[in-house]
Protein chains: 2
Amino acid sequence: MTEPLPLLPAQAEPPSGQVDLTLTQTEEQPRLRADAARNRTRLLEVAAELAAERGIGNVSMEAVATAAKVGKGTVFRRFGDRAGLMLALLDHHEQQLQAAFLMGPPPLGPDAPAAERLRAFGPAVLRHERAHRDLYVAAHADLARHYLSPANHLRLGHLALLLRQLKAPGDIELIAHTLLGYLSTLLADHLLTERGMSMERLEAGWYDLVERLGAAA
Amino acid sequence: MTEPLPLLPAQAEPPSGQVDLTLTQTEEQPRLRADAARNRTRLLEVAAELAAERGIGNVSMEAVATAAKVGKGTVFRRFGDRAGLMLALLDHHEQQLQAAFLMGPPPLGPDAPAAERLRAFGPAVLRHERAHRDLYVAAHADLARHYLSPANHLRLGHLALLLRQLKAPGDIELIAHTLLGYLSTLLADHLLTERGMSMERLEAGWYDLVERLGAAA
DNA sequence: CACTTAACCGGACTGCGGTCCAGTTCTGTT
DNA sequence: AACAGAACTGGACCGCAGTCCGGTTAAGTG
């Protein structure tokens, strides 16, 4: 909780081979050694596989290590901790979403007016998170890290950009956080599952929110 | 993750002696046996003590059990799991806050106009959570339960009430959730600590939010 | 191509959260 | 007061996250 944080080289997101991380700006990756890179991809593949067949909640770190024919220590060295592995797994999916709203077609992509992009952002995220619910929940088990994750940072920046283009009044950064909070996996899941709300209702709520918080004074 | 949930009598909030839980409506408490009630209070006392001296993060369930001269199983039977114990610990503090905005003096209490109460709610919660930061973070480690906790439910209901009194347009429940999300312990902590924002800025953000989301159409 | 060194590897080890169940203690009933 | 059964108790037990460190291997240097 307030530890000195031993070593943990802080290298949780080094890309490997075909994996392209240019989207989520990784502050700098120290370049993995060849064997280490190989192991990393194998670990991710195996983890995804196990998650698919028995549910991510029933995949222990040790199981991943064993299935990838690697020592447990290796897994932890690479990903730091369980949440780190989840985050890495998630990263792949996240990139699809990011591509959609950074370079995709309207109304999400850059060829639509800002107001429309902002509107479209909500449902896109809601649906995306719903599709990968388990993983998001598991990954954000450590909530503190969540706010620091590149993915979250990117979303935040995107929203702030759109809001600025719209000349939205007020504290843009805080408003962006508020909007993102509305899209939180756990909140959406709670409202849909526990409270029995419909996706349409959540989307309508988003449109309303965007209208009131994004409109120029 | 999708288990049948063995027993867990779902009795996590039975009051004991002087502890008054009428505020956070506890759906029904099966009345603890005399010895069990005694143990419960001792456990909470001991836990609070240990938390105070070595930080809540460094207090294991076993340590609490031992210090209270009780078996480990007893602790888990009483509180379900670690988060349950945290929640119970938190409950006491939470009641102070609840009393403040349910029955306290203006501008928080019922003798002030709704708009003022709504405005005052934000800073009150922000400051309260900041004061008990560690505990909130530990307790909400299990985020799914968080949305179901009586405390959260009460806050939500309170906000919804005020919004309704203000004749705020839109989907009241969703707006209440959005507002509450802005006050999330973890978000606030992130903004204050990591992003170096000032408390004043967060409060100003709240006032702005309330004005735009609470104003009648 | 030999050599140095930094990085990596694996698996034994620790501590904790959570479960289980045989034995004990309370509470309501007659 | 005696009894039956429900509720509680405690500690042995399990599996997993995360640490540690002696041995190994890859990447720069001449």
Side-chain angles (χ1 to χ4, degrees), chain A residues 1 3-12 14 16 29-43 46-47 50 54-87 138-139 141-142 145, chain B residues 1 3-12 14 16 29-43 46-47 50 54-87 138-139 141-142 145:
Chain A
M1 209 132 243
E3 308 306 351
L5 265 229
L7 338 180
L8 260 233
Q11 44 159 350
S16 64
Q29 75 282 46
R31 273 285 299 299
L32 240 29
R33 228 168 67 174
D35 53 346
R38 256 197 318 277
N39 277 340
R40 183 175 195 275
T41 20
R42 247 217 338 286
L43 283 168
V46 161
L50 289 179
R54 69 172 82 154
I56 192 64
N58 302 326
V59 178
S60 72
M61 296 301 265
E62 199 154 12
V64 174
T66 306
K69 291 192 197 130
V70 141
K72 202 172 164 185
T74 303
V75 185
F76 280 94
R77 156 166 288 269
R78 192 63 35 222
F79 300 104
D81 57 9
R82 193 187 163 77
L85 173 58
M86 299 303 158
L87 238 28
D142 183 350
R145 249 202 270 316
Chain B
M1 208 131 239
E3 308 306 350
L5 265 230
L7 338 180
L8 262 233
Q11 44 161 349
S16 64
Q29 76 282 48
R31 271 286 296 301
L32 240 28
R33 229 169 66 174
D35 53 346
R38 256 198 317 276
N39 277 340
R40 182 176 197 276
T41 20
R42 248 221 332 289
L43 282 168
V46 162
L50 289 179
R54 69 171 82 155
I56 192 63
N58 302 326
V59 178
S60 72
M61 296 301 266
E62 199 154 12
V64 174
T66 307
K69 292 193 196 127
V70 140
K72 203 173 164 184
T74 303
V75 184
F76 281 94
R77 155 166 286 269
R78 192 60 39 219
F79 300 103
D81 58 10
R82 193 174 209 297
L85 173 58
M86 299 303 159
L87 238 29
D142 182 350
R145 250 204 269 316

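What you see is a predicted model, and the numbers here were worked out from it, not measured in a lab.
Partners of Thr66(B) according to the side-chain contact (heavy atoms from CB on, under 4.5 Å) rule, which considers only residues two or more places apart in sequence or in another chain, are Glu62(B). Contacts of Val59(A) classified as side-chain contact (heavy atoms from CB on, under 4.5 Å), with partners at least two apart in sequence or in another chain: Leu50(A), Arg54(A), Val64(A). Partners of Arg82(B) by side-chain hydrogen bond (donor to acceptor under 3.5 Å, both in side chains), not counting sequence neighbours: none found. Residues passing the side-chain contact (heavy atoms from CB on, under 4.5 Å) test with Ala36(A) are Leu32(A), Arg33(A), Arg78(A), sequence neighbours excluded.
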Considering only nitrogen or oxygen atoms on both sides, find all protein atoms under 3.5 Å from nucleotides 12-17 of chain C and state each distance.
from	atom 1	to	atom 2	distance (Å)
dG17(C)	OP1	Arg82(B)	NE	2.9
dG17(C)	OP2	Met61(B)	N	3.0
dG17(C)	N7	Lys72(B)	NZ	2.9
dG17(C)	O6	Lys72(B)	NZ	3.3

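OP1 or OP2 of dG10(C) lies within a sub-4.0 Å distance of a side-chain N or O belonging to Thr74(A). Dashed line: the shortest gap from a side-chain N or O of Arg78(A) to OP1 or OP2 of dC9(C) is under 4.0 Å.
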Atom pairs and distances, donor-acceptor, side-chain atoms in residues 67-75 of chain A, under 3.5 Å, two or more places apart:
none

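Closest approach of Leu43(A) to Ala65(A), counting heavy atoms only: CD2-CA, 4.5 Å.
Between Leu43(A) atom CG and dC8(C) atom P the separation is 13 Å, expressed in whole Å. Going from atom CZ of Arg77(A) over to atom P of dA6(C) covers 14 Å, rounded to whole Å. For the pair Arg38(B) CZ and dC26(C) P, the computed distance is 7 Å after rounding to whole Å. If you take CG of Asn39(B) and P of dA7(D), they are 17 Å apart, rounded to a whole angstrom.
For the strand DNA chain C, secondary-structure stems (runs of at least three Watson-Crick or G-U pairs, all distances below 3.5 Å) span C:1-30 with D:1-30.
Counting only heavy atoms from C-beta outward, the side chains of Arg40(A) and Phe79(A) approach each other to under 4.5 Å. When side chains are defined from C-beta on, Arg77(B) does not count as touching Asn39(B), because their heavy atoms never get closer than 4.5 Å.
The residue among Ala83(B) and Val70(A) whose nearest nucleotide of DNA chain C lies closer to the 5′ end is Val70(A).
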